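In what follows, a structure is listed as structure tokens, so that the remarks can point back to it.
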Amino acid sequence: MFPRREFLRRGLLTSAAAACSPSSRLFAAPPPVADSRIEILLDEPLGTISPDIYGHFTEHLGGLIYDGVWVGENSPVPNVHGIRQRLVDELRKIQAPVVRYPGGCFADSYNWRDGVGPVDQRPRRTNFWASADSANAPANHKFETNRFGTYEFVEFCRLAGAQPYLAANLRSLTPEDFYRWVEYCNSPAGSTTLAGLRAAAGSPEPFAVRFWGIGNESWGCGGNFTPQEYAVEFRRFATWVPGYGQTLSLIASGPDSFNWAWTRGFFEELLRKGPGALDSVYGLSAHYYAWNLSRGRTDDWDKGKGSALEFAPVDWYELLREGQRIEELIEGHWLIMGEFDAKHRVKLIVDEWGPWYRPGSEATPGDLLEQIPTLRDAVFSAMTLDIFNRHPEKVAMANCAQLINCLNSLYLANEDKFCVTPVGHVFAMYAAHQGGQSLRSVFSAPDVRYDRDGKSAAFWGLQGSASLHDKQLVLTVVNPHVSEPRETTLHLGAARIASASATTLTSSDIHAHNTFAQPAALEPQTKSITLDGATPTFVFPPASVTCLRLILV
Ligand code: AHR
């Protein structure tokens, strides 16, 4: 150790030398080192981002419709015609483009006629999910009152500014039932008995429903079909459906996750009657849930799941790793679809996606499949939306499962209590991408390294997506590292930034989440920022989702 006087002398000499020396920077505090870069290729557009990839899903399941969406006209909870006002307001804010209904598995046990006509004459039925409901579930979760039906759903969509996407029952109803539902929704005012029934409910004018799913998960709860059997059924349901002046976009029930054989088998059989069959398919639906957090120990659906609220950093990374696989799923099914449809007229519709945890974190005990989303689910959802943004030519629609009081919900509600979840905040931040030109972007950052049962595992260090809207460039970025920020240089070629703002969702606690008692525990923060020069720098905090809005000169 130096005596104090010697220390001071050396210090002075060093400063004097540094002041005269060309290599003075060697002695100054080192500038922060950017270890990451994002290059946005403004002249490499990938296609228009369909607003519909920011879609939602509502099923007659647990507390989703009854309590979540529908509170009833006489409820003390603020409502519009029985529909929860706050939910409508929130959906307007995030520009919700489309909502899928009435399921899910529920769809293939549902007769749409039960949910139309005079309210007091609607039958009470056993809900598809009744046997899964817990003993403390309210009666209207197990026994469907049909108070909320087609008219109410379309009204909900109209209030929210979204398009309805109806899933038809293929397992237990006929093609006639399907096209009568289309008739109820779309036949012109005063034309048919069903148009009269619709008018009696309050809408003489047609609903003009464009999106129709033909069954749901037809490989499982939707009928246990083989892809070949389903293709035959699809042809039958899709033949000569009257549209009443509304182009119908029919969506075929597609594969579960990575079931390539389903996609191949479906198209092989569909095309057996000739290439014209492709004209009847707008999209092939694919479902993907990230649920297995067992780190390869099991494939058991119940044992493999993790906790929504109690998790270690390794579980954080494992969930993201599972979620990242959706990109492989999109690319894999797309490749197979191309074997049958070289021009790729049929698009992918990812109409169920999100993390799925084991029961135990319900915001309202008794609500089936309800879980409380945390910052981890926000990062997961942002990562997923970025993946959809990066494949605009492939993914035409996606629907997060599910909107409220369910799996990866944007909102939680119970009677007069309501909160926006971190997932809801991500949808608000990402709405800026809708309708933009997706741009090819290259993200480089050191991988995240983590211990996976004694072995080192890697996950990407920074990812995101970019879209251009005239002079506005929207860049969304996920930093998945639980503790390290990423100092990043931005490269935009010759373009220069006139002004910029950054919205960031993060917390020092990776478990951060909102509850009815603390609805604002985790909220995004927005600020104006300065991004100067040819290669401006931005620091992405650990465990964060960021949306940069850059106005270009
Ligand atoms: O979202 C919950 C369920 O998951 C849906 O009803 C079904 O389609 C899927 O298996």
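Numbering starts at 1 and runs along the sequence shown. In listed order, ligands and their atoms are each counted from 1. Heavy atoms only: backbone and side chains are in, while hydrogens, waters and symmetry mates are out. Source: prediction; values computed, not measured.
Under the 4.0 angstrom criterion for non-hydrogen atoms, Phe128 is not in contact with ligand 1. At least one heavy atom of Tyr289 sits under 4.0 Å from some atom of ligand 1.
You'll find the ring centres of His333 and Trp262 outside the 6.0 Å limit. Here Phe128 and His60 keep their ring centres 6.0 angstrom or further from each other.
For NE2 of His344, the number of neighbouring non-hydrogen atoms (other residues, nucleotides, ligands) closer than 6.0 Å is greater than 12.
Not one N or O of Ala401 is nearer than 3.5 Å to an N or O of ligand 1, by distance alone.
Scanning all protein heavy atoms for the shortest distance to atom 8 (O) of ligand 1 gives Glu352 OE2, 2.7 Å. Looking only at heavy atoms of the protein, atom 10 (O) of ligand 1 is closest to Glu217 OE1, 2.8 Å. Scanning the protein heavy atoms around atom 6 (O) of ligand 1, the nearest turns out to be Glu59 OE1, 2.7 Å. Closest to atom 2 (C) of ligand 1 among all protein heavy atoms lies Gln402 NE2, 3.6 Å.
Taking the centre and axis of the six-membered ring of Trp301, the NZ or CZ atom of Lys305 falls inside the cone set by 45° and 6.0 Å.
The proximity of Trp353 to ligand 1, defined as any non-hydrogen pair under 4.0 Å, does not occur for either the backbone or the side chain.
Counting only residues at least two apart or in different chains, side chain to side chain donor-acceptor pair (under 3.5 Å) contacts with residues 379-388 comprise Ser381-Asn408, Asp386-Tyr430, Asp386-Ser465, Asp386-Thr476.
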* Stepwise, does the side-chain hydrogen bond (donor to acceptor under 3.5 Å, both in side chains) test hold for Asp351 with Ser285? -> CA-CA 6 Å; Asp351 52 15; Ser285 113; 3.2 Å; yes
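Atoms of ligand 1 lying under 4.0 Å from any heavy atom of Asn216, numbered from 1 in the order shown and given with element: 8 (O).
In this structure Thr298 satisfies the side chain to side chain donor-acceptor pair (under 3.5 Å) test with no other residue, sequence neighbours excluded.
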